[in-house]
**Student:** 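Just passing along the structure, written as structure tokens.
Each ligand, and each atom within it, is numbered from 1 in the order the structure gives.
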Amino acid sequence: MSVPAHVSIVEVGPRDGLQNESLTLSPQTRAELINRLAAAGLSRIEAGSFVSPTAVPQMAHTDETLALAPRQNLRLSVLVPNLRGLAAALAAGADEIAVFAAASETFSNRNINCSIEESLTRYAKVVAEARRYGVMARGYISCVLGCPYEGEVDSGRVASVASALLEMGCFEVSLGDTIGVGAPLPARRMVERVARVAPLDKIAVHFHDTYGQALANIFACLEVGVSVVDSSVAGLGGCPFAPGAAGNVATEDVVYMLERMDVETGVSLDRLLEAGDFACRELKRAPASRVAQAYAARCSDSTEAPCDADLPKSFDATD
Ligand code: HMG
Ligand code: MG
């Protein structure tokens, strides 16, 4: 099996990452993070969400983040749960919105306070309205490989939610392993099941790394033909409605793996490491990215050669 020659990375750190950090960053700092991620070559970035600030206080003032963030050569997306969120996203000039459904009834109720069916009815209106304004809509599905409340999740259920999201006009569905319980073969089988109802170029994968399986899962899905991968700089975050879930797979780790396989991403690893370092300093935490940890260890060891001395050739061109 082969993997795609080019992979698009959707950077979700400023939303999925920051929504579950204990420190809340100001809109200015969030915009500066987006600025640094864009400078690293990321062109699809999730900038925040227009949800209840009581439910997710870290995402309050996303409108200010958008107003301060750079806009050139960028698609800034925001999560919206309802028409009210869409109105705020349109007023703030978001380039793209994302609606978020689930493949598990209990998770749907805990996360957005309604059943899957009710959410799809609500989202059909949101997506239609967004498209009327020329704004593209992405559809998320949570708990595609397991639910914190219900356990096993049937891939047929994932496929039917994916089908409904595409039918209402979403341009892409992102399959979320919200609690990071997946493993490569179940992940591949789940994507193959969804690919029976959705073209592969409309499928993205979104792995949280709770059990350390995310990179292996991504590789398994690339082999099926998926070429859009969500990730979060420094592996920030988790999900406030999925107890114990770790952050998304780190963007640095995904970029490193893809570069070493000669898969193009358009992202500069050096600049990305700088953006991750900025985020971690602001959040007063260490990066979850193994690549960031390895680079930091090499650079701090003064007895070693300069920290980029033995980088693979492909890294030399990034700066
Ligand atoms: P509800 O209780 O059904 O709706 O909430 P409501 O209309 O009764 O509103 C409840 C409160 O939210 C009210 O405020 C509304 O004004 C306010 P209160 O009177 O209590 O002060 N509200 C809003 N505020 C701002 N913007 C809005 C908005 N709508 C209502 N658009 C609702 C339903 C979904 C709105 C609420 O439960 C909510 O916002 N939840 C947050 C959900 C969330 O952000 N979850 C995390 C993101 S999903 C995720 O991380 C998974 C993903 O990464 C994929 C994966 O990993 O699997 C995408
Ligand atoms: Mg997520």
**Student:** Who's closest to atom 46 (C) of ligand 1 heavy-atom-wise, of Q58, E46, H208, Q19?
**Tutor:** Q19

**Student:** Which is it for M59 and ligand 1 at heavy atoms under 4.0 Å: side chain, backbone, both or neither?
**Tutor:** neither

**Student:** Test your reading of the model: is there a side-chain donor-acceptor pair from R30 to the backbone of L25, 3.5 Å cut-off?
**Tutor:** yes

**Student:** At the 4.0 Å heavy-atom cut-off, does S174 count as touching ligand 1?
**Tutor:** no

**Student:** Considering the heavy atoms of S52, write down every atom of ligand 1 situated less than 4.0 Å from one of them.
**Tutor:** 12 (O), 17 (C), 23 (C), 24 (N), 25 (C), 38 (C), 39 (O)

**Student:** Can you list every pair that meets side-chain hydrogen bond (donor to acceptor under 3.5 Å, both in side chains) and has a residue in residues 156-173, with sequence neighbours left out?
**Tutor:** R44-E172, R138-E172

**Student:** Please check if any side-chain donor atom of Q58 sits under 3.5 Å from a side-chain acceptor atom of T24, or the reverse.
**Tutor:** no

**Student:** Short N/O distance, under 3.5 Å, between I141 and ligand 1?
**Tutor:** no

**Student:** Can S77 and E46 be counted as having a side-chain donor-acceptor contact under 3.5 angstrom?
**Tutor:** no

**Student:** Within rounding of 10°, what is the angle whose vertex is the Mg ion (ligand 2) and whose arms end at NE2 of H206 and NE2 of H208?
**Tutor:** 90°

**Student:** Run the numbers for me: atoms of ligand 1, each under 4.0 Å from some heavy atom of P53, listed by number.
**Tutor:** 24 (N), 25 (C)

**Student:** For N/O/S atoms only: which one belongs to D16 and is nearest the Mg ion (ligand 2)?
**Tutor:** OD2

**Student:** Would you mind telling me if ligand 1 is within reach of the side chain of D177, the backbone, both or neither, using heavy atoms under 4.0 Å?
**Tutor:** neither

**Student:** Heavy atom under 4.0 Å from ligand 1: found in P81's side chain, backbone, both, or neither?
**Tutor:** side chain

**Student:** Which part of V56 is near ligand 1, with near meaning a heavy atom under 4.0 Å away: side chain, backbone, both or neither?
**Tutor:** side chain

**Student:** Below 3.5 Å, can you tabulate the donor-acceptor pairs from side chains in residues 97-104 to any protein atom, sequence neighbours excluded?
**Tutor:**
residue, atom, partner, partner atom, Å
S104, OG, F107, N, 3.1

**Student:** Examine ligand 1 and decide if any of its atoms is less than 4.0 Å from a heavy atom belonging to R15.
**Tutor:** yes

**Student:** Are any of the N or O atoms of C143 closer than 3.5 Å to those of ligand 1?
**Tutor:** no

**Student:** Below 4.5 Å, heavy atoms only, C-beta onward: do V254 and I9 meet side chain to side chain?
**Tutor:** yes

**Student:** Is the distance from the Mg ion (ligand 2) to some N, O or S atom of D230 under 2.8 Å?
**Tutor:** no

**Student:** Are any of the N/O atoms on S49, whether in the backbone or the side chain, positioned under 3.5 angstrom from an N/O atom of ligand 1?
**Tutor:** no

**Student:** Can you check whether T54 has an N/O within less than 3.5 Å of an N/O in ligand 1?
**Tutor:** no

**Student:** Could you work out, for atom 1 (P) of ligand 1, the closest of D16, N111, N113 by heavy-atom distance?
**Tutor:** N113

**Student:** Between R122 and ligand 1, is there a nitrogen or oxygen pair with a distance under 3.5 Å?
**Tutor:** no

**Student:** Side chains of H206 and N248: do they bring a donor and an acceptor to under 3.5 Å?
**Tutor:** yes

**Student:** With side chains defined as the heavy atoms from C-beta onward, is the minimum distance between V153 and V144 less than 4.5 Å?
**Tutor:** no

**Student:** Is there a side-chain contact between V263 and V3 (heavy atoms, below 4.5 Å)?
**Tutor:** yes

**Student:** We want to know whether T65 and T62 form a side-chain donor-acceptor pair, criterion being a heavy-atom distance below 3.5 angstrom.
**Tutor:** no

**Student:** Mind checking whether Y140 has an N or O less than 3.5 Å away from an N or O of ligand 1?
**Tutor:** no

**Student:** Side chains of D16 and S232: donor-acceptor distance under 3.5 Å anywhere?
**Tutor:** no

**Student:** Between ligand 1 and R84, is the shortest N or O to N or O distance under 3.5 Å?
**Tutor:** yes

**Student:** Could you tell me whether F50 approaches ligand 1 through its side chain, its backbone, both or neither, with non-hydrogen atoms closer than 4.0 Å?
**Tutor:** backbone

**Student:** Does the side chain of M261 come within less than 4.5 Å of L258's, by heavy atoms?
**Tutor:** yes

